[in-house]
Amino acid sequence: MEWLVSFAEFLVNEVLSQPAYLIGIITAVGLIALRKSAGQILGGAIKATLGFLLIGAGAGLVVGSLAPLGEMIQGSTGAHGVIPTNEAIVGIAQAEFGARVAWLMIVGFAVSLLLARFTPLRYVFLTGHHMLFMATLLTMVLATAGQGSVAVVIVGGVLLGILLVAMPAFAHPWTKRITGNNSVAIGHFGTAGYITAGAAGQLVGKRSRSTEEMNLPEGLRFLRDSMVATALSMVLIYVIMSVVLLAKAGQTVAFTAFGTDGAAATDIGNYLMKSVMQGLQFGIAVAVILFGVRTILAELVPAFQGIANRLVPGAVPSLDAPIVFPYAQNAVLIGFLSSFAGGLVSLGLLTWILHPAFGLALVLPGLVPHFFTGGAAGVYGNATGGRRGAVVGAFLNGVLITFLPALLLKVLGAFGEENTTFGDADFGWFGAIVGNVAKVGGGAAVVLMLAVGAVLLAGAIVMQKRVVETGWDPGARRDAALGVPVAAAPVPADTAVPAEDRVRIAPPAGAPAPPPPPDAG
């Protein structure tokens, strides 16, 4: 029997505890469920494994490129400054928590399928990288609070599963307003920002025309390339902070920001160009991590999707934020710029008021989170409030994704000292709540965290039954004010939704047809 014990120890210690191998095994199981050929199963598992290893490689580059920036911020402002980048913080965390993240992700997806099958929340979350990001966040928060590995995986998995079905439900009235039907939901953890944008549009844009009636310059569309946007944002931030440090601390201190032993800058020109190069290196690092994530997801998402189709008939797929971009492309660019402006204003408040008063870190606006979540928020704001809705809604999103990461850092323990963190709204508010509850410690913390999940689940079910399924349209009154013709939608006779808000939503003119539900075959 010794050989059996040895084999079990080998399996646990050398295979199942290695997240890269674990992701490969999960992918293989999913592809087997899809009845793929042996070659497709093997190739998919290997690609998913290599993708996970790429994330770790990119994380090392991120840490190296961010270190000088942290010194610059500390030296010029005296404050700890961070740039929210989901891929970067996830990559850093994998070294310590990789296996627990993988197991938590498995449990969370399984829980979400059970909830989708047996509750009214028939949403199947297919944005795999956000599933991975939230699994990493929950692992970090629970482990930092002192919870054991089993509690981290089980409790974190339950909370993740609830989020995967609840957040699409909360946003679905506004998502249906954009797409015009129920064929797709939003599966992205910037949901708080999108709901805020949609609600803001309802308040400020009753008679505002759509952003799609505007003509925007083609010269700004290069910012849609995430690698270009990342590199450009980091170059600008590095150059600005290097100039500030140079002016405040002088050449002797500033030139050593890039290291000693020959790595320090030799003159002002060399110092500035080192800043440019560090910004470009960060863009390369994030590109490597993104390529690793995409490599994983190209194999992992179809595997998850195939399993889900067989377990949740009639499910609504929840997809990444860019799924809404084609419905209002001008709103995407307006939303990005407005969100970035919100981030700058919020950074000013952090610098002058909230950092001195409460010790909150300075959260610098990165173009990538502001582009993706700000762009989507612009679409949501435009759907209910036209141009004013897009501007105000995305601005508020920028405020959220600046303040919420600053609060999240308080519960990340040693990871709060890193120069990066999670960037999207839901990571901030949910991580802060769970992290503070987890600090209670022991079994009481477990009970309280599960109670938080139960409240969230109950709220989502109420939202689904009383709002989504009754046909409420958050932009109906704006349509009436603008004279947009709509057709009445059938709703239950006992609904409490006002008659003027009950309409069948038509998609915007020129909008693409939403993707069909995943093929069950």
Could you pull out every donor-acceptor pair under 3.5 Å between side chains of residues 44-58 and any protein atom, sequence neighbours left out?
| residue | atom | partner | partner atom | Å |
| --- | --- | --- | --- | --- |
| Lys47 | NZ | Glu299 | OE2 | 3.3 |
| Thr49 | OG1 | Ala20 | O | 3.3 |
| Thr49 | OG1 | Ala45 | O | 2.9 |

Only pairs under 3.5 Å count here: list side-chain donor-acceptor contacts from residues 185-198, not counting sequence neighbours, and write none if there are none.
| residue | atom | partner | partner atom | Å |
| --- | --- | --- | --- | --- |
| His188 | ND1 | Gly190 | N | 3.3 |
| His188 | ND1 | Tyr194 | OH | 2.9 |
| His188 | NE2 | His130 | NE2 | 3.2 |
| Thr191 | OG1 | His188 | O | 2.8 |
| Thr191 | OG1 | Asp426 | OD2 | 3.1 |
| Thr196 | OG1 | Ala192 | O | 2.7 |

Please tabulate, for side-chain N and O atoms in residues 136-149, each donor-acceptor pair with protein atoms closer than 3.5 Å (sequence neighbours left out).
| residue | atom | partner | partner atom | Å |
| --- | --- | --- | --- | --- |
| Thr136 | OG1 | Leu132 | O | 2.8 |
| Thr139 | OG1 | Ala135 | O | 2.8 |
| Thr144 | OG1 | Met140 | O | 2.6 |

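In this structure, Leu319 and Ile323 approach most closely via the heavy-atom pair CD1-CD1, 4.1 Å. Val184 and Thr175 make their closest contact through O-CG2, 3.9 Å (heavy atoms, listed as atom of the first residue, atom of the second, distance). Arg122 and Ala116 get closest at one heavy-atom pair: CG-O, 3.4 Å. In terms of heavy-atom proximity, Pro84 sits nearest to Thr420 at C-OG1, 4.0 Å. Contact between Ala377 and Gly393 at its shortest, heavy atoms only, is CB-O, 4.4 Å. Nearest heavy atoms, Thr127 versus Phe125: O-CE2, 3.4 Å.
The ring-ring contact (aromatic ring centres under 6.0 Å, His included) test applied to Phe403 returns no partner, not counting sequence neighbours. Looking at residues two or more places apart in sequence or on another chain, you find a side chain to side chain contact (heavy atoms under 4.5 Å, CB included) between Val345 and Phe395.
Applying the side-chain hydrogen bond (donor to acceptor under 3.5 Å, both in side chains) test to every pair with at least one member in residues 150-174, sequence neighbours left out, gives these pairs: His172-Asn182, Trp174-Gln202.
Of the candidates Val452, Leu407, Leu408, Val411, Val452 is the only one forming a side chain to side chain contact (heavy atoms under 4.5 Å, CB included) with Ile433.
For the 3.5 Å distance criterion, the side chains of Asp424 and Thr373 fail to qualify, holding no donor opposite an acceptor.
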